[in-house]
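Have a look at the structure below before the remarks.
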Amino acid sequence: KNEVEQSPQNLTAQEGEFITINCSYSVGISALHWLQQHPGGGIVSLFMLSSGKKKHGRLIATINIQEKHSSLHITASHPRDSAVYICAVRRGAQKLVFGQGTRLTINP
Amino acid sequence: DAGVIQSPRHEVTEMGQEVTLRCKPISGHNSLFWYRQTMMRGLELLIYFNNNVPIDDSGMPEDRFSAKMPNASFSTLKIQPSEPRDSAVYFCASSRDRDTEAFFGQGTRLTVV
């Protein structure tokens, strides 16, 4: 079993839909990252969180440390949100462990 | 700031040749990371530096791989000799310190034929 599991692996939705991507992990962590990888390959760090919730524009990330679970939500999704979303957890000093990613496709 | 700058963007080389990938982190960032991404294994952390000192190189696949950070504004990842299974996208990222977000470069796509 991977230390970081994301679901779903693939998600296709219509423009405007509310999107939820889940990340579960099995080890103690100090922080969790959400990354976005564009179709061209570039990676952008969306959030880093260790508790509670963070919001940036239409993106919301939550984490429940007790349940070892985090969610990334996208409100009013748009085709430009189409990307691979990657969850990564930090264990100890700077050692990131990555999930396999969720491929999101938003159709117009 | 221009962000994390990697060069080259693409590299095609023959098996057995030496390959050097370069990274310029964001000015003022103390931590630098080298990652490798393949279809089979996804993203993997190879090595990270803090204040130019290698802290954890447990992700470096074997002795053919080496990384250096001679100063705060430059790092290299070298593969010698290269093999076809080294073909991947190599990302460099930097962060201000251990508890802040990392910023990624655009990556170097390496193809070893």
Side-chain angles (χ1 to χ4, degrees), chain A residues 1-10 21 23 25 27-52 54-57 59 61 63 65 70 72 83-103, chain B residues 2-6 8-11 23 25-26 29-60 69 87-111:
Chain A
K1 190 181 189 304
N2 293 334
E3 290 181 14
V4 182
E5 294 276 355
Q6 288 185 235
S7 64
Q9 289 190 343
N10 294 282
I21 299 171
C23 175
Y25 51 93
V27 296
I29 66 169
S30 55
L32 182 143
H33 295 249
W34 281 102
L35 308 171
Q36 178 192 54
Q37 187 165 28
H38 296 285
I43 297 177
V44 174
S45 177
L46 298 175
F47 295 104
M48 188 195 73
L49 63 167
S50 54
S51 65
K54 285 190 176 181
K55 184 176 188 293
H56 185 249
L59 301 177
I63 188 169
I65 296 295
S70 176
L72 177 68
V84 175
Y85 291 83
I86 303 169
C87 170
V89 300
R90 175 181 293 141
R91 298 175 58 199
Q94 299 277 33
K95 196 171 184 69
L96 278 179
V97 178
F98 294 86
Q100 286 298 307
T102 295
R103 184 175 299 278
Chain B
V4 176
I5 300 173
Q6 290 186 246
R9 291 291 306 277
H10 302 273
E11 176 80 32
C23 175
I26 293 173
H29 283 192
N30 296 323
S31 296
L32 181 139
F33 311 81
W34 282 102
Y35 296 97
R36 178 173 67 177
Q37 186 178 40
T38 61
M39 289 292 291
M40 290 294 294
R41 299 170 68 94
L43 265 171
E44 302 172 281
L45 176 65
L46 300 178
I47 185 171
Y48 90 88
F49 295 84
N50 195 50
N51 292 321
N52 313 337
V53 176
I55 302 300
D56 183 353
D57 64 354
S58 59
M60 296 285 264
M69 192 164 185
S87 298
V89 180
Y90 291 82
F91 288 98
C92 176
S94 70
S95 64
R96 190 172 301 281
D97 56 49
R98 59 170 288 174
D99 293 323
T100 58
E101 294 169 80
F103 293 81
F104 284 74
Q106 288 297 302
T108 294
R109 182 174 295 277
L110 173 66
T111 303

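In this text, all values refer to a predicted model and were calculated from it rather than measured experimentally.
Checked by atom type, the side-chain pair A/Q100/A/E5 shows no donor-acceptor distance below 3.5 Å.
In terms of heavy-atom pairs under 4.5 Å with chain B, the best-connected choice from A/G41, A/G40, A/S45, A/G101 is A/S45. When B/Q106, B/Q37, B/E44 are compared by the number of non-hydrogen pairs under 4.5 Å with chain A, B/Q37 comes out ahead.
Neither the backbone nor the side chain of B/R109 has a heavy atom closer than 4.5 Å to any heavy atom of chain A. The part of B/F91 that comes within reach of chain A is its side chain, from C-beta onward, which places non-hydrogen atoms under 4.5 angstrom from that chain. Looking at A/I86, the atoms closer than 4.5 Å to chain B (heavy atoms on both sides) all sit in the side chain, from C-beta outward.
Annotation: side chain of B/F103 is not in contact with side chain of B/P25 (no heavy-atom distance under 4.5 Å).
Within the 3.5 Å criterion, the main-chain N or O of A/P8 finds a donor-acceptor partner in the side chain of A/T102. Although no hydrogens or angles enter the test, the distance criterion places no donor-acceptor pair under 3.5 Å between the side chain of B/N30 and the main chain of B/N51.
Taking the six-membered ring for Trp and the full ring otherwise, the centers of A/F98 and A/H33 sit at least 6.0 Å from each other.
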